[in-house]
Amino acid sequence: MTDINSANRIELISFRIGDQEYCVDIMAVREIRGWAAATPLPHSPAYVRGVINLRGAVLPIIDLANRLGFGATETSARNVIIVVRIGGRVVGLLVDAVSEILTTTADAVQPTPDVACDAVKKFVKGILAVEGRMISWIVLDQILPDDAVLEVAA
Amino acid sequence: MDAFESIKVTFFQECDEQLAELENGLMALEAGDGDGEVINAVFRAVHSVKGGAGAFGYEDLVKFAHTFETALDLMRSGKLAIDADAVRVMLRASDVLADLVHAARDGGSVDQERCDTLAEELTLLASGESKPAAMLEPEEEEDSFGFTPLQIALDDTPAPSGRWRIKFKPHQALYAKGNDPLFLLREVARLGECEIEMDADGVPSLDALDPDGSYLSWTVYLDGEKAESDIRDIFDFVESDCDLVIDREGAAPKPVVEIVPPVAATPAVAAPRAVAPARAEPEHRDEAEPGKAAASAGGASASAPPAATIRVDLERVDRLIDLVGELVINQAMLAQRVGETGAVERSSSVALGLDELEQLTRELQDSVMAIRAQPVKSVFQRMPRLVREIATATGKQVRLVMEGEGTEVDKTVIERLSDPITHMLRNAVDHGLEGPDERIDAGKPAEGTIKLAALHRSGRIVIEVSDDGRGINRERVRAKAIEKGLISPDVPMSDEEIDNIIFLPGFSTASAISDISGRGVGMDVVKRSIQALGGRISITSQPGRGSTFTLSLPLTLAVLDGMVVTSAEQTLIAPLTTIIETLQPKDGEVHRMGPNRAVLSVRDSFVPLIDVGVSLGFHETPTSPTDGVILLVESEGGGRAALLVDAIQGQRQVVIKSLEANYQRVEGVAAATILGDGRVALILDVDGLVAQRAADNRTSDPIPLAKAG
């Protein structure tokens, strides 16, 4: 019983962007830290807020709201950076606040409804219904700017 | 099999060391400052290689090493004169030996013809003497790698008189140098029937026993037919570390403890070990080992015991360096914060503690960087061979003098030194030095001298390659440069400027492309690769007297000397090596060109003006040049540019952090670093900025943020 449960179980960290809730797989999350001013990078997309120093590593900060098509986040000390590992890279995601850890199963994940705009559809893998709230599960693979796209733009 | 493979790996590692030793020794002999000890060292090196090779069945290697060894042995015993010709042959033989070792290791093939030629030359060298080399063969053949156990008769009957009596009492130093009496006694046993007695009387009681001490002695009775020199040869390497008496037996003394057969009887061998475990690893004795052990016993005996070292994964060291860099930044941050509170007095214990912390972190950083520092010897030692080969190919006589091989520099730099040095040496032999006839005509010795030196100078490593050749032919260089359209014929040039033409891309003076340095790579490539490392290269030349190339490099690639500047409220770092000068432009020095370009006049020459803030997209309206500061920079291509920034904050050393590790390359930015306040600052890619400007053909200033999004 437990084996089947654990095999199927997914743990997610949910967070808020504006009044919407999103979540990412907890296995990708390295740490959560407070907002620190980032050094802007030249010739970068607007959703790349810059780079910060995380104990000696230089990591880029992605403004997730902006990446999903909202406006740029107005940062304050209340903002939170979720440090995630994407492939071999470590990246910070700028969000408004972290809410909770969700435990669910793969069966509970519903496909993204067709109403979502392209920008959201690109990053949302599915949605979860938790106590009447809707939480969108974000896949991280495409969060970083596409090298090829950037090269063309530059 | 695994154990065997790992022994093999060790063998090849040792071979590399032996080969280096061999070459060093031969070069000392060539330079004329070789004494008996050097010849011994050289002989031992070859001997060890041969011994190990025999154990692993590398027939070609053994064969050649044997021929080599035979010649060396004659030299060692004074039967062959140590003259320049002989040493030269041996140097070339050492190259072949190195080839053979590498072929054995990597499975490649060797130039068989060259190998045979040299073997012939060596034989010729050896046979030119009164004693034919063959005389030595049987014994040499046996002692190094034939480790078949000998059957030794074990009987207590009194030995026949007239036998050799060898009293052998090792000192502690003998064990310390990694020798083992067992091997020596085994060698003796091979000379003929013998009886070996061990005297354990000297062994103190356990409480008084020094585990590293030497308490045992042996007496060997050997059949009298052998020559005394044969016996002495065995103890040759350890003679200074033991009491050795060899005489003819008068009356047979009584066995003191028991008769120890050197090979067959394990308990007897084990017993002294239990009492005095002088060797560190007595347990290592499988069948494959003796070859190696014999090699090390022969090789290590006379050289000083090497300093204790460990091999560490480079990644771990890098991680450590990263962490220490982090600590330094953190410490600076802490000090700054404490200072900001204003509540801490300078003499308070907190302030004193912080001072101490600062000192400790500095020391820690230095020590950690020292871990990665290596002497340039690892690069230098490849060069004599290179020079010899080029000299042979060009028919020139060249002597390479090396200085400062012990100069230490970070591993990251070492790895990149090899190519530029190789190239500069090639050039020096091929272009710098004249042929022997021409040299004699010019009143110089037929043999040219090339000096390769390394030294530390003001926090950088300086490598100098100088030759005593013909120097730079300035007229020819200038004519050639004009012909190739590199310079304009009517611009007057100083000697220095002409000398520097050779660094221009597309310039090569050799009229025919030679095999040596004409591989489509010119000095411009050398210069570029040096600059990529944050280094500089320069040349001085005196016609008829020679040229000197000087290259200076940072001691490490992990840190960089930078100029901290601000532009559009951002803190940026410009690599100090690219900056020629800084200046404050005056009104009238900036000239507009077209709608949005400007040039700066610097002492009558015009250089393009680049507003760093605009170029990086930090702001859209250019700074007024008179409000800012100009960094006059030189890019890799040699082009100059004036970078306009808002202010200069100062110079500092910064730790280089990659942007690509977690993100990707960013145009105009070489890397990042972390400042004392913990924030990330970007290091400017000066070449990128200059190139970007040159390639930018847009009619309006770019607004990169909008463009990229």
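What you see below is based on every heavy atom in this structure, not just the backbone, and it leaves out hydrogens, waters and symmetry mates.
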A/Thr73, A/Asn79, A/Thr75 screened by side chain to side chain donor-acceptor pair (under 3.5 Å) with A/Asp63, the one that passes:
A/Thr73
Which bit of B/Thr673 comes within less than 4.5 Å of chain A, counting heavy atoms only: side chain, backbone, both or neither?
neither
Parallel, tilted or perpendicular for A/Phe70 and A/Tyr22, by the 30°/60° rule?
perpendicular
With a 4.5 angstrom heavy-atom cut-off, which part of A/Val90 approaches chain B: side chain, backbone, both or neither?
both
What verdict does the side chain to side chain contact (heavy atoms under 4.5 Å, CB included) test give for B/Val565 and B/Asp646, after you've listed the backbone C-alpha separation in whole Å, the side-chain angles of each residue and the deciding distance to 0.1 Å?
CA-CA 7 Å; B/Val565 299; B/Asp646 292 344; over 6 Å; no
Can you tell me which portion of B/Ala661 sits under 4.5 Å from chain A's heavy atoms? Options are side chain, backbone, both or neither.
backbone
Tell me, for A/Ile52 versus chain B, whether the close heavy atoms (under 4.5 Å) come from the side chain, the backbone, both or neither.
backbone
Residue of the set B/Thr578, B/Val686, B/Leu643 for which side-chain contact (heavy atoms from CB on, under 4.5 Å) holds with B/Leu631
B/Leu643
Just wondering, do B/Ile674 and B/Lys657 contact through their side chains at under 4.5 Å, heavy atoms?
yes
Between B/Glu569 and chain A, which part of the residue has a heavy atom less than 4.5 Å away: side chain, backbone, both or neither?
neither
Please classify the contact between A/Ala37 and chain B as side chain, backbone, both or neither, with a heavy-atom cut-off of under 4.5 Å.
both
